[in-house]
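Please read the structure below before turning to the comments.
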Amino acid sequence: MSESRTESASRALNGDGVVEVRGLTKNFGQVRAVDDLSFTVQPGRVTGFLGPNGAGKTTTLRILLGLVRATSGTATISGRPYAALPHPTRFVGAALEAASFHPGRTARNHLLALAPQAGASASRVDEVLELVGLTDAAKRRVGGFSLGMRQRLGLATTLLGDPRVLVLDEPANGLDPEGIAWLRALLRHLAREGRTVLVSSHVLAEVQQTVDDVVIISRGRLAHSSTLAELAQLAAPVVVVASPTALGLERLIAERGWRRAHLPEGTTAAPGTAALEQVTLAEVGAAAFAAGVELHELTLHNPGLEKLFLELTTRPAHPVDLGTAVTGGAA
């Protein structure tokens, strides 16, 4: 790391960088785009801000960056509104839309033109070009860039001021599989440096291998907020078992110490029906046979993260209670 890089990193990492959204609501006429939304984004982690198109993600981010005024509630960075931050364009690097570039300008000249606003030197321009993998294309005109290369240049623009906080809206758009893997590694690297990284996407699979935490919204409301590991627990496979002898099945479950789970959506919660976690079909079948418990159903339900994400974003938005859902409380 060069001296200038060290100095700028030290400056950028001043301040905690916590992003807090509290009771945020935004109405556009009769349309409520964001509805009493609250969540926190911690530094040193990559947080996925997820939801289908039209869920209110971009509106929330625009309020966070002072581009739109909230109807009520707050959105702060390090405890302050964006406009109240000292040197906000240096403290926060943001890319909310496809960046616009002069087609006749080279990549390096584009960054040099924006460097004074970010307080960046020419050497910093070269650093970010290297960081996003555009060193060899630095003298090429942007008009000849692919969509993926433009995405990289847009990311380089957000990194000019060596920001403490990164807010990126759909940064993987236009990247090929190699580019997505590169982006994943870069975001993880930036988070390890202690930065706050908030990445929006409407596709969970796109960020699944990148993020530490997830904030999922639907129709402007919070649908789920947790670590990715906790979300994965909700998507863990469960064994659904049904028996005409309900008491016998209950006794078997108690004797074996099997943990109950929520019945999958669409399953009737009738006596003699149960969902079990951390157990296999073979274990349940063998135990029932040995105990003389007749079974009429023995199936594996494996929703997976993508199906769970779809359920969270299509049903009425009520935050998932992890204390109940993960520990297998009553449905």
Side-chain angles (χ1 to χ4, degrees), residues 4-5 7-22 24 26 34 37-50 56-70 73-100 110-111 113-121 124-125 127-128 131-132 151-172 183 186-201 207 210-213 215:
S4 62
R5 169 73 172 167
E7 290 173 350
S8 59
S10 174
R11 168 180 55 75
L13 298 181
N14 248 345
D16 61 19
V18 174
V19 172
E20 287 190 283
V21 172
R22 290 289 171 264
L24 194 65
K26 177 59 184 178
V34 181
L37 182 62
S38 297
F39 62 88
T40 301
V41 180
Q42 297 290 348
R45 302 177 70 80
V46 180
T47 298
F49 188 37
L50 307 169
K57 301 187 303 296
T58 299
T59 298
T60 300
L61 297 182
R62 289 177 69 82
I63 293 171
L64 178 66
L65 297 171
L67 300 173
V68 171
R69 180 173 295 181
T74 60
T76 60
I77 301 169
S78 294
R80 303 181 184 187
Y82 176 83
L85 290 170
H87 307 295
T89 56
R90 302 183 194 180
F91 194 81
V92 181
L96 296 193
E97 302 169 345
S100 58
H110 167 76
L111 295 176
L114 298 176
Q117 182 182 359
S121 64
R124 176 61 181 164
V125 167
E127 285 177 2
V128 296
L131 196 59
V132 303
Q151 282 287 83
R152 290 182 183 239
L153 184 56
L155 184 56
T157 303
T158 69
L159 293 171
L160 271 175
D162 211 358
R164 179 69 178 84
V165 177
L166 277 172
V167 179
L168 307 175
D169 195 8
E170 308 274 1
L183 177 66
L186 176 61
L187 296 181
R188 302 285 329 150
H189 168 74
L190 294 169
R192 283 195 300 270
E193 290 187 333
R195 304 173 202 275
T196 304
V197 182
L198 179 59
V199 181
S200 82
S201 177
V207 298
T210 305
V211 303
D212 303 296
D213 304 317
V215 174

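Quantities reported herein were computed from a predicted structural model and do not represent experimental measurements. Side chains included, hydrogens not; waters and symmetry mates left out as well; all remaining heavy atoms used.
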Quick one: list whatever passes side-chain contact (heavy atoms from CB on, under 4.5 Å) with [X], sequence neighbours left out.
{"X": "T40", "result": "V18, E20, R22, Q42"}
{"X": "T89", "result": "Y82, Q117"}
{"X": "A84", "result": "R80, P81"}

Nearest 0.5 Å, please: how far is [atom2] in [Y] from [atom1] in [X]?
{"X": "L166", "Y": "T196", "atom1": "CG", "atom2": "OG1", "answer": "9.0 Å"}
{"X": "T74", "Y": "I63", "atom1": "OG1", "atom2": "CD1", "answer": "10.5 Å"}
{"X": "L183", "Y": "L168", "atom1": "CG", "atom2": "CG", "answer": "7.5 Å"}
{"X": "L186", "Y": "L131", "atom1": "CG", "atom2": "CG", "answer": "5.0 Å"}
{"X": "T59", "Y": "L37", "atom1": "OG1", "atom2": "CG", "answer": "11.0 Å"}
{"X": "D162", "Y": "R90", "atom1": "CG", "atom2": "CZ", "answer": "11.5 Å"}

Evaluate the side-chain proximity of [Y] to [X]: yes if any heavy-atom separation is below 4.5 Å, no if none is.
{"X": "L96", "Y": "V167", "value": "yes"}
{"X": "L153", "Y": "L111", "value": "yes"}
{"X": "D212", "Y": "R188", "value": "yes"}
{"X": "L155", "Y": "P171", "value": "no"}
{"X": "V92", "Y": "L64", "value": "no"}

For this session: Could you pull out all residues at least two apart from D169 that satisfy side-chain hydrogen bond (donor to acceptor under 3.5 Å, both in side chains)?
Result: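 With sequence neighbours excluded, D169 shows a side-chain hydrogen bond (donor to acceptor under 3.5 Å, both in side chains) to T58, S200, given in chain and number order.
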For this session: Could you pull out all residues at least two apart from S201 that satisfy side-chain hydrogen bond (donor to acceptor under 3.5 Å, both in side chains)?
Result: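 In terms of side-chain hydrogen bond (donor to acceptor under 3.5 Å, both in side chains), with neighbours along the sequence ignored, S201 is linked to E206.
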Test item: [X] side-chain N/O and [Y] main-chain N/O as donor-acceptor pair under 3.5 Å:
{"X": "T158", "Y": "A95", "answer": "no"}
{"X": "K26", "Y": "R69", "answer": "yes"}
{"X": "R164", "Y": "G17", "answer": "no"}
{"X": "R124", "Y": "G161", "answer": "no"}

Nearest heavy atoms of [X] and [Y], plus distance in Å:
{"X": "L85", "Y": "I77", "answer": "CD2-O, 3.5 Å"}
{"X": "A70", "Y": "G73", "answer": "CB-O, 4.2 Å"}
{"X": "P163", "Y": "G93", "answer": "CB-N, 3.3 Å"}
{"X": "A191", "Y": "V46", "answer": "CB-CG2, 3.7 Å"}
{"X": "S78", "Y": "D16", "answer": "OG-OD1, 2.9 Å"}
{"X": "H110", "Y": "T157", "answer": "NE2-OG1, 3.4 Å"}

Problem set entry | All pairs passing salt bridge (Lys or Arg N to Asp or Glu O under 4.0 Å) where residues 58-67 contributes a residue, at least two apart |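 Every pair satisfying salt bridge (Lys or Arg N to Asp or Glu O under 4.0 Å) with a residue in residues 58-67: R62-E97.
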For this session: For R192, check salt bridge (Lys or Arg N to Asp or Glu O under 4.0 Å) against everything at least two apart and list the hits.
Result: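 R192 satisfies salt bridge (Lys or Arg N to Asp or Glu O under 4.0 Å) with no residue once adjacent residues are dropped.
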Problem set entry | Pairing residues for F39 by the ring pair (Phe, Tyr, Trp, His ring centres under 6.0 Å) criterion, not counting sequence neighbours |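 If we apply the ring pair (Phe, Tyr, Trp, His ring centres under 6.0 Å) test to F39, skipping adjacent residues, the hits are F49.
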For this session: Begin from the C-alpha positions of L50 and V211 and carry the test side chain to side chain contact (heavy atoms under 4.5 Å, CB included) through to its verdict.
Result: CA-CA 11 Å; L50 307 169; V211 303; 6.0 Å; no
For this session: Take K57 and V215 through the test side chain to side chain contact (heavy atoms under 4.5 Å, CB included) and record every step on the way to the result.
Result: CA-CA 10 Å; K57 301 187 303 296; V215 174; over 6 Å; no
